[in-house]
Amino acid sequence: MLVEGQSDQNAVQALAARFGHDLAADGIAVLPMGGATNIGHFLDQYGPHGLNIPVAGLCDAGEESDFRRGLERAGLGSDLNRAGFFVCVADLEDELIRALGVPVVREVVAGQGELGSFLIFSKQPAQRERGTAEQLRRFMGTRSGRKIHYGRVLAEALDLGQVPAPLERLLGHVLTVRGRWGR
């Protein structure tokens with residue numbers, strides 16, 4: 001699985017574990033690419049012109065065109081879903097925040113001992129006009145390692161009946177392909 005960054009990697013792995021899947025034990029790697037613009041490099045390495053192993057992944061809506069171009073260049077077509085790539089509305093943190101709801105995410109932030117920091121952040125002039133969901137999303141990217149940490153923590157807080165569609169589709173696709181490839 002190709003994902004943009006470590007927060008996405010942590011969320012995917014945590015959610016798979018919650019569904020009872022050990023991706024590594026199943027021979028499925030979740031690779032953070034260090035940004036969406038690296039999709040071409042990763043498809044060259046792992047896709048049909050490289051190791052020719054099944055690939056799938058997540059991208060943010062803002063990077064959909066990068067992914068589409070990379071898939072086309074790799075010979076995987078332009079239909080992201082058919083190729084096993086699924087699009088998050090803004091980003092994965094946005095998907096998780098919307099699935100959990102603001103009150104639950106605030107509880108999660110409080111449980112991490114960061115509610116005070118979030119409240120200070122939310123009162124900054126640049127944040128005052130934003131809704132709480134957007135403030136939470138931006139807060140997660142304000143300190144080194146915070147976004148990576150919250151990828152896992154938010155995925156662990158999810159009700160398994162309300163998994164964001166891109167995550168649910170990705171895991172379903174990968175586990176189906178794995179079965180088809182006998183891995």
Side-chain angles (χ1 to χ4, degrees), residues 1-24 28-37 39 56-64 66-67 80-81 84-175:
M1 281 188 252
L2 305 176
V3 295
E4 291 186 36
Q6 290 178 316
S7 65
D8 302 334
Q9 177 189 37
N10 285 353
V12 168
Q13 290 172 329
L15 191 58
R18 298 226 19 243
F19 278 111
H21 297 283
D22 181 342
L23 296 176
I28 300 168
V30 182
L31 303 176
M33 298 183 300
T37 57
I39 185 67
L58 286 175
C59 71
D60 302 343
E63 282 80 26
E64 187 173 351
D66 291 330
F67 272 65
L80 269 69
N81 289 347
F85 287 82
F86 304 93
V87 181
C88 297
V89 171
D91 58 21
L92 187 55
E93 289 73 25
D94 172 64
E95 295 282 350
L96 293 168
I97 291 167
R98 284 188 295 112
L100 288 164
V102 167
V104 172
V105 176
R106 282 179 61 119
E107 287 176 24
V108 169
V109 170
Q112 301 302 303
E114 294 198 303
L115 186 57
S117 295
F118 170 70
L119 293 173
I120 291 168
F121 172 81
S122 67
K123 292 175 185 171
Q124 293 176 354
Q127 303 305 323
R128 289 183 194 145
E129 300 300 317
R130 299 184 200 282
T132 307
E134 181 63 17
Q135 289 174 345
L136 284 162
R137 185 172 151 261
R138 289 186 174 271
F139 173 74
M140 289 174 191
T142 60
R143 186 174 44 108
S144 178
R146 183 180 276 154
K147 187 173 180 181
I148 294 166
H149 173 73
Y150 277 102
R152 178 185 53 77
V153 172
L154 293 178
E156 289 173 347
L158 274 174
D159 176 325
L160 293 181
Q162 296 189 339
V163 174
L167 270 172
E168 184 173 29
R169 290 179 186 138
L170 174 62
L171 288 173
H173 175 84
V174 167
L175 295 171

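Excluded from the calculations below are hydrogen atoms, water molecules and symmetry mates; all remaining heavy atoms, backbone and side chain alike, are included.
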Using the ring pair (Phe, Tyr, Trp, His ring centres under 6.0 Å) criterion, which residues pair with F139? Sequence neighbours excluded.
F118, F121

What closest approach, in Å, do E95 and V87 show between heavy atoms, and which atom pair accounts for it?
OE2-O, 4.3 Å

E156 side chain to A14 backbone, donor-acceptor under 3.5 Å
no

Please check: side-chain N/O of D60 versus main-chain N/O of G62, any donor-acceptor pairing under 3.5 Å?
no

Is a side-chain N or O of N10 found less than 3.5 angstrom from the main chain of I148, in a donor-acceptor match?
yes

Please give me the minimum heavy-atom distance between G57 and L170, naming the atom from each residue.
N-CD1, 3.5 Å

Tell me the closest heavy-atom pair linking A157 and L100, and the distance in Å.
O-CD2, 3.4 Å

Would the distance check show the side chain of R18 and the main-chain N or O of A155 forming a donor-acceptor pair, the cut-off being under 3.5 Å?
yes

What one should report as the nearest heavy-atom pair of S122 and Q127 is O-CB, 3.8 Å

Between the side chain of R152 and the main-chain N/O of A11, is any donor-acceptor distance below 3.5 Å?
no

Distance-minimising heavy-atom pair for G141 and K147:
CA-CB, 4.5 Å

Looking at every non-hydrogen atom in both residues, tell me the closest pair between G5 and P32 and how far apart they are.
C-CB, 3.5 Å

Spacing of OG1 belonging to T37 relative to CD belonging to E63, to within rounding of 0.5 Å
8.5 Å

Could you tell me whether a side-chain N or O of Q9 sits under 3.5 Å from a main-chain N or O of V30, the two making a donor and an acceptor?
yes

Rounded to the nearest 0.5 Å, what separation is found between the CD atom of Q135 and the CZ atom of R130?
8.5 Å

Flag yes if more than 12 heavy atoms outside R98 fall under 6.0 Å of its CZ atom; otherwise flag no.
yes

Under 3.5 Å donor-acceptor, E4 side chain and L58 backbone:
no

I97 and side-chain contact (heavy atoms from CB on, under 4.5 Å): which partner among V105, V104, L92?
V105

